[in-house]
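We number each residue from 1, following the sequence as shown.
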Amino acid sequence: ELLVEEGSLYPALQRLELNGWIEGAWGMTANQRRARIYKITAAGRKQLAVETKQYARLTLAIARVMGTE
């Protein structure tokens, strides 16, 4: 379980947007509140695949060190 604070979330979203991995636009929520809506871009999907592979390698290495793999 992760707890992400506003002070961490919004700067992270800004970095993702600056890298071109997500696009943000202002819109309305279901309860009629103005909100920034984000969607992943093609470049973001490509980067997600890279990050997913790196994470898989890292978790495998940790499992090996711990003797669970």
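Closest non-hydrogen pair, A43 versus G20, comes out as CB-O, 3.8 Å. Here the closest non-hydrogen pair linking A35 and T29 is CB-CG2, 3.6 Å.
Separating the OG atom in S8 from the CG atom in L2 is a distance of 11.0 Å, to the nearest 0.5 Å. If you take CG on L9 and CD on E6, they are separated by 8.0 Å, rounding to the nearest 0.5 Å. Distance check, rounded to the nearest 0.5 Å: CE of M66 to OG1 of T59 gives 12.0 Å. One distance of note links CZ of R15 with CD1 of I22; it measures 10.5 Å at 0.5 Å rounding. T41 OG1 to N19 CG: the interatomic distance, rounded to the nearest 0.5 Å, is 9.5 Å. A distance of 7.0 Å separates CG of L18 from CD of Q14, quoted to the nearest 0.5 Å.
Salt-bridge annotation for E17 and R36: present, with a side-chain N of the basic residue lying under 4.0 Å from a carboxylate O of the acidic one.
With hydrophobic clusters built from ILVMFWY side chains whose heavy atoms lie under 4.5 angstrom apart, I40 does not share a cluster with L13.
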Assess the residue pair Q54 and V50 against the criterion (side-chain contact (heavy atoms from CB on, under 4.5 Å)); give the C-alpha distance rounded to whole Å, side-chain angles, the decisive distance to 0.1 Å, and a yes or no. CA-CA 6 Å; Q54 288 178 349; V50 169; 3.9 Å; yes
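Side-chain N or O atoms of R34 include none that pairs as donor or acceptor with a backbone N or O of M28 at under 3.5 Å.
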